[in-house]
Amino acid sequence: MPDTPQPPHQDTRYDFAAAEPRWQQAWEAARCFSVPDVPPAGARKYYVLEMFPYPSGKIHMGHVRNYTLGDVVARYKRARGHLVMHPMGWDAFGLPAENAARERGTHPGEWTRANIANMRAELKRMGLSLEWEREFATCDPEYYGQQQKLFLDCLAAGLVERKESWVNWDPVDGTVLANEQVIDGKGWRSGAAVEKKKLSQWFFAITKFAPDLLDALGELDRWPERVRLMQANWIGRSEGARVRFQLATPVDDTAEVEVFTTRPDTLFGMSFVAVAAEHPLAAAAAARSAEAAAFIAECRAMGTSEVVIEQGEKKGFDTGFTVKHPFTGQEYPVWIANFVLMEYGTGAIFGCPAHDQRDLDFARKYGLSVTPVVLPNGADPATFAVGTEAFTDDGISFNSGFLNGLDVTAAKRAAIARIEELGQGQGVTNWRLRDWGVSRQRYWGCPIPVIHCDDCGVVPVPAAQLPVVLPEDVDFSRPGNPLDHHPSWRHVNCPSCGKPARRETDTFDTFVDSSWYFARFCSPRAGVPVTPEAVDAWLPVDQYIGGIEHAILHLLYSRFFTRAMKATGHVKLDEPFAGLFTQGMVTHESYKGADGRWLYPEEIEKRADGSAIVKGSDEPVTVGRIESMSKSKRNTVDPGAIINRYGADTARWFILSDNPPERDMEWSESGVAGASRFIGRIWRLAQGMSEVATPDEAMGKKLRQATHRAIASVTEALEAFTFNVAVAKVHELANTIADSPMAPLAARREAMEALIRLASPMMPHLAEEVWASFNADAGLVAQLPWLEADPELLRADSVTLAVQVLGKLRGTIEVAVDASDEEVFALAESEPNVIRALDGKPVKKRIHVKGRVVNLVI
RNA sequence: GCGGGCGUGCCGGAAUGGUAGACGGAAGGGUCUUAAAAACCCUCGGCUGCAAGGCCGUGCGGGUUCGAGUCCCGCCGCCCGCACCA
């Protein structure tokens with residue numbers, strides 16, 4: 001009988017509650033995660049960043065997932081010899097703080113600081129390899145004061161404008177919203193129907209960079225395709241022409257109306273001009289006719305909500321004005337139409353019903369002419385007609401004077417050339433992207449550093465007076481912006497002429513705060529926005545990680561802001577984020593009690609048959625859909641409670657193991673328990689290592705080979721961001737170790753050390769604990785280099801080949817790796833089951849793919 | 001409507017064109033225990049067979065290939081984003 005290894009000690013259960021804080025302190029004491037603002041020459045820098053949190057009060061599972069993913073990358077890259085910067089901060093301005101102030105009478109600053117303190121403590125318990133020395137909050141005057149400098153630099157550089165414009169007004173939040181913050185005609189936070197208001201606002205000239213923001217998307221090869229497409233659609237480039245139509249008789253002082261079209265080749269097919277309800281010509285019509293005014297009011301009331309669009313009803317009003325065709329001189333009516341948007345193009349179109357579905361619907365409804373001018377390939381010009389479906393494909397121009405016979409592309413070119421010759425317009429590129437309105441009528445934000453003087457107009461706050469600090473003594477008992485009714489704050493003297501003047505009381509959209517924080521992290525205490533040596537060395541962010549919900553807003557603004565900072569001499573690069581990873585959401589089952597109230601997961605109890613009851617009662621529970629965790633549905637799990645019960649490593653391990661990180665994951669109690677079991681198993685496996693009396697050398701060799709295969713495959717999985725696969729490979733190695741009890745201790749120790757080092761980016765505390773138990777003086781795993789697989793050990797001596805007959809698996813053979821084709825075929829054809837499948841027939845063709853498969857064709 | 005993604009056991013999922021279902025979860029059975037928990041062991045795509053094995057199987061229908069979950073063509077379904085954008 002061979003001897004058997006000692007069973008593990010029964011009482012040495014892994015005490016995560018003691019171990020985790022101890023290792024967190026050890027990392028901090030050793031300053032494992034600190035890096036200099038300016039890396040030493042020759043350092044290979046790597047900047048890992050997760051989207052910084054809004055300090056709402058507590059961390060949620062989405063944070064846990066986000067920061068765990070980032071931490072795996074940071075720890076792995078550090079082990080690979082990179083100098084890794086991995087900072088954390090707080091996106092600390094915003095409306096919830098003000099709402100809390102109104103509801104509970106606490107100051108927004110106080111509320112925010114308390115939340116930050118709490119969330120910082122929670123994050124620290126996760127054992128993240130963060131460099132807390134770089135921490136800041138965007139509500140720190142040291143931060144937002146530098147932001148004010150950047151704004152003034154942009155103002156001087158012409159990248160900021162004050163414009164009177166139609167804005168999106170959220171009546172519930174009492175503030176203006178950017179276009180990006182209006183979703184289906186509703187405010188992104190309040191859900192209130194957004195109204196149109198005309199206000200003077202500050203705008204960042206993001207449209208100046210529209211071409212570059214679009215073109216550069218092509219270079220972002222480490223961004224998800226999805227995000228790039230969303231941004232491309234948002235920027236919305238379209239080629240076309242602006243065409244001015246002379247009014248047959250001038251209206252007031254206006255002699256013409258300008259339209260934008262992408263189809264100048266269809267000009268001969270026009271039958272009307274249509275303008276938006278907000279267009280000046282519409283206003284002129286309203287001044288002349290009560291009916292027109294009523295129609296405009298109706299349009300405004302209807303808005304462009306989804307429902308209205310869905311019904312797709314085209315409505316119009318004939319103004320009675322007419323325009324002359326630039327080529328033919330013929331006259332066409334000018335309508336006001338509900339489907340024409342003031343925000344896009346010029347707020348006016350020309351209608352060519354035969355080749356545009358919308359125009360066709362409109363023309364049919366109001367009996368306007370429909371003249372086809374593009375002939376489908378192969379169609380007969382004598383009989384071709386448009387019924388209820390517009391022809392929008394390519395074809396050949398006809399009924400179109402000088403354009404006849406040209407294809408669409410050529411006709412567009414010829415039409416534009418003629419329009420330009422006639423001085424009636426020009427070819428243009430139109431963009432959907434609008435300038436970024438950043439004025440918000442709120443208190444808890446970065447003050448916009450300008451002063452309004454009756455004599456001097458808008459005067460920038462002089463650099464010496466920065467930062468413009470928010471006043472602390474504010475009154476939230478009245479509605480509106482407290483800065484407006486503060487007794488003294490807004491009253492200042494004009495820096496230019498010295499007369500009494502008014503401070504700007506609007507604050508910045510909080511998206512401004514998050515548009516450059518990644519740059520500030522490089523030198524967070526500097527007395528300038530960024531120090532050139534630091535940003536030049538550390539930017540761009542090598543790996544940025546966050547939710548897909550920021551695909552447009554935050555990521556587009558940051559791309560713009562980086563360009564603006566380049567234009568104002570602060571940085572040298574255009575793109576802030578070289579790599580982007582968008583994680584999926586954390587979801588959970590939802591539960592409802594008998595009366596329909598939502599229940600928290602910890603309030604229910606699952607029964608064996610899959611049904612559920614309210615804990616401690618027999619009230620039945622309806623198990624609802626698996627959906628994104630949200631407070632309103634109470635399907636949330638508190639990370640703090642999970643860490644208390646299982647430890648941080650368990651939470652991290654489970655969240656990584658469940659599925660690929662870009663997909664939505666389901667948080668399940670049994671899944672966490674499984675992760676916890678595995679951690680206990682590793683600990684027992686590590687503790688139970690002692691030499692056996694008669695080691696099995698062959699088993700030892702197999703174990704060593706498995707160890708090195710694991711090194712190779714875990715490394716590959718981490719590089720590919722397939723952390724679930726990395727977890728599976730660690731499991732495999734653990735299984736192999738457990739199945740190799742007779743291998744020499746050295747081989748088992750090597751395997752176990754490799755296992756914890758490979759798992760260390762994912763479960764850093766347990767890795768340290770096991771490592772220390774092996775050798776107390778071996779230093780921290782956090783400071784060890786990554787393991788390299790030994791190519792010798794990756795090479796197996798023999799391989800199992802699948803043997804197929806006509807592509808169907810009939811058996812397997814074990815052959816030497818370097819076996820010749822002849823040897824392999826001979827062995828394959830002598831395998832009993834293969835012989836049966838061959839059925840005595842001659843083999844016509846033999847295929848041998850080394851190390852993989854043999855296929856015999858009969 | 002436009003754009004993108006995805007369809008694999010009970011579930012999450014794995015699989016450079018080469019043994020489909022690694023790994024985990026759930027479930028069932030067993031060992032240990034007075035009992036439970038923990039731990040450990042076994043089973044776990046379907047049909048069929050005493051067994052060896054055989055047949056079927058990656059949404060559906062075709063195709064390319066010695067060989068297709070993977071590549072190509074055509075459908076179906078689900079998810080996401082955008083959308084009266086001229």
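Side chains included, hydrogens not; waters and symmetry mates left out as well; all remaining heavy atoms used. Bear in mind that the values here come from a model prediction, so they are computed numbers and not experimental data. Numbered from 1 within each chain, the chains take letters A, B, ... in sequence-line order.
Listed nucleotides B:rU19, B:rC84, B:rG24 differ in distance to A:N338; the shortest reach to its side chain belongs to B:rC84. Here B:rG13 is the nucleotide among B:rA26, B:rG13, B:rC85 with the atom lying nearest to any side-chain atom of A:R663.
Taking the C1' atom of each, B:rG9 and B:rG1 are spaced 38 Å apart, rounded to whole Å. One P atom belongs to B:rG67, the other to B:rG3, and the distance between them is 35 Å to the nearest Å. For the C1' atoms, the distance from B:rG77 to B:rU8 is 16 Å, rounded to whole Å.
Taking atom CZ of A:R432 as the reference point, atom P of B:rG3 lies 16 Å away to the nearest angstrom. Taking atom CD of residue A:E225 and atom P of nucleotide B:rG5, one finds them 7 Å apart after rounding to whole Å. A:M762 places its CE atom 13 Å from the C1' atom of B:rC23, with the value rounded to the nearest Å. Rounded to whole angstrom, the span from the CG atom of A:N724 across to the C1' atom of B:rA22 amounts to 11 Å. In this structure, A:R237 places its CZ atom 13 Å from P of B:rA86, rounding to the nearest Å. We find that CG of A:D658 is positioned 14 Å from P of B:rG24, with the value rounded to whole Å. B:rA14 atom P lies 15 Å from atom NE2 of A:H731, rounded to whole Å. Whole-Å rounding puts the A:N659 CG to B:rG12 P distance at 10 Å.
Taking 4.0 angstrom as the limit, A:N233 places none of its side-chain polar atoms (N or O) nearer than this to OP1 or OP2 of B:rG3.
At the heavy-atom level, A:V340 lies under 4.0 Å from base atoms of the strands shown. Using a 4.0 Å heavy-atom criterion, one finds that A:T346 contacts no nucleic acid atom at all. Heavy atoms of A:K729 sit nowhere under 4.0 angstrom from any nucleic acid atom. No engagement by A:D359 is indicated, since no non-hydrogen atom pair under 4.0 Å with the nucleic acid exists. Among the heavy atoms of the strands, none lies under 4.0 Å from A:P832. In this structure, A:S657 reaches neither bases nor backbone, as no heavy-atom distance under 4.0 Å exists between it and the strands shown.
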Please tabulate, one pair per line, each protein N/O and nucleotide N/O from nucleotides 50-54 of chain B that are separated by under 3.5 Å, including the distance.
{"from": "B:rG54", "atom 1": "OP1", "to": "A:R810", "atom 2": "NH1", "distance (Å)": "3.0"}
{"from": "B:rG54", "atom 1": "OP1", "to": "A:N833", "atom 2": "ND2", "distance (Å)": "3.3"}

Show the distances under 3.5 angstrom between N or O atoms of the protein and N or O atoms of nucleotides 65-69 of chain B.
{"from": "B:rC66", "atom 1": "O2'", "to": "A:N855", "atom 2": "ND2", "distance (Å)": "3.0"}
{"from": "B:rC66", "atom 1": "O2", "to": "A:N855", "atom 2": "ND2", "distance (Å)": "2.6"}

Identify all pairs in which a protein N or O lies below 3.5 Å from an N or O of nucleotides 38-46 of chain B, and state each distance.
{"from": "B:rA39", "atom 1": "O3'", "to": "A:R684", "atom 2": "NH2", "distance (Å)": "3.4"}

Would you list the protein and nucleotides 78-80 of chain B atom pairs, both N or O, that sit under 3.5 Å from each other?
none

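Taking the O4'-C1'-N9-C4 or O4'-C1'-N1-C2 dihedral as appropriate, B:rG25 has a value more than 90° from 0 and is therefore anti.
Note on residues 707-717 of chain A: no pairs pass salt bridge (charged side-chain N to carboxylate O under 4.0 Å, His left out), not counting sequence neighbours. Residue pairs that meet the side chain to side chain donor-acceptor pair (under 3.5 Å) test with at least one member in residues 729-742 of chain A, sequence neighbours left out, are A:R681-A:N735.
Between A:H550 and A:H554, the ring planes are perpendicular. Angles over 60° get that label, and only those under 30° would be called parallel. Ring geometry for A:W335 versus A:F362: interplanar angle over 60°, hence perpendicular rather than tilted (30 to 60°).
Around CZ of A:R846, the count of heavy atoms belonging to other residues, nucleotides or ligands within 6.0 Å exceeds 12.
Stems are defined here as 3 or more consecutive Watson-Crick or G-U wobble pairs with pairing distances under 3.5 Å; those involving RNA chain B are B:1-7 with B:76-82, B:10-12 with B:23-25, B:27-31 with B:39-43, B:45-48 with B:53-56, B:59-63 with B:71-75.
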Give the C-alpha distance, both sets of side-chain angles, the deciding distance and a yes or no for side chain to side chain contact (heavy atoms under 4.5 Å, CB included) between A:N233 and A:I235. CA-CA 5 Å; A:N233 289 338; A:I235 295 166; over 6 Å; no

Audit row: A:R836, A:E831, salt bridge (charged side-chain N to carboxylate O under 4.0 Å, His left out) steps and yes/no: CA-CA 9 Å; A:R836 193 164 5 170; A:E831 209 276 334; over 6 Å; no

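Residues A:Y646 and A:F16 place their aromatic rings such that the two centres sit no closer than 6.0 Å. Remark: aromatic rings of A:F350 and A:F272 are distant, center separation not under 6.0 Å. In summary, the aromatic rings of A:W667 and A:F654 are positioned with their centroids under 6.0 Å apart.
A:W683 does not carry A:R13 over the face of its six-membered ring by the limits of under 6.0 Å from the centre and within 45° of the normal.
With sequence neighbours left out, A:S798 forms a side-chain hydrogen bond (donor to acceptor under 3.5 Å, both in side chains) with A:E814. For A:K850, the salt bridge (Lys or Arg N to Asp or Glu O under 4.0 Å) criterion is met by no residue, not counting sequence neighbours. For A:D658, there are no side-chain hydrogen bond (donor to acceptor under 3.5 Å, both in side chains) partners two or more places apart in sequence or in a different chain. Residues that satisfy the side-chain hydrogen bond (donor to acceptor under 3.5 Å, both in side chains) test with A:Q804, not counting sequence neighbours, are absent from this structure. For A:S628, there are no side-chain hydrogen bond (donor to acceptor under 3.5 Å, both in side chains) partners two or more places apart in sequence or in a different chain.
Mapped onto RNA chain B by nearest heavy atom, A:V853 and A:G345 fall at different nucleotides, with A:V853 at the one closer to the 5' end.
The two residues A:V408 and A:D394 make their nearest non-hydrogen contact at CG2-CA, 3.9 Å.
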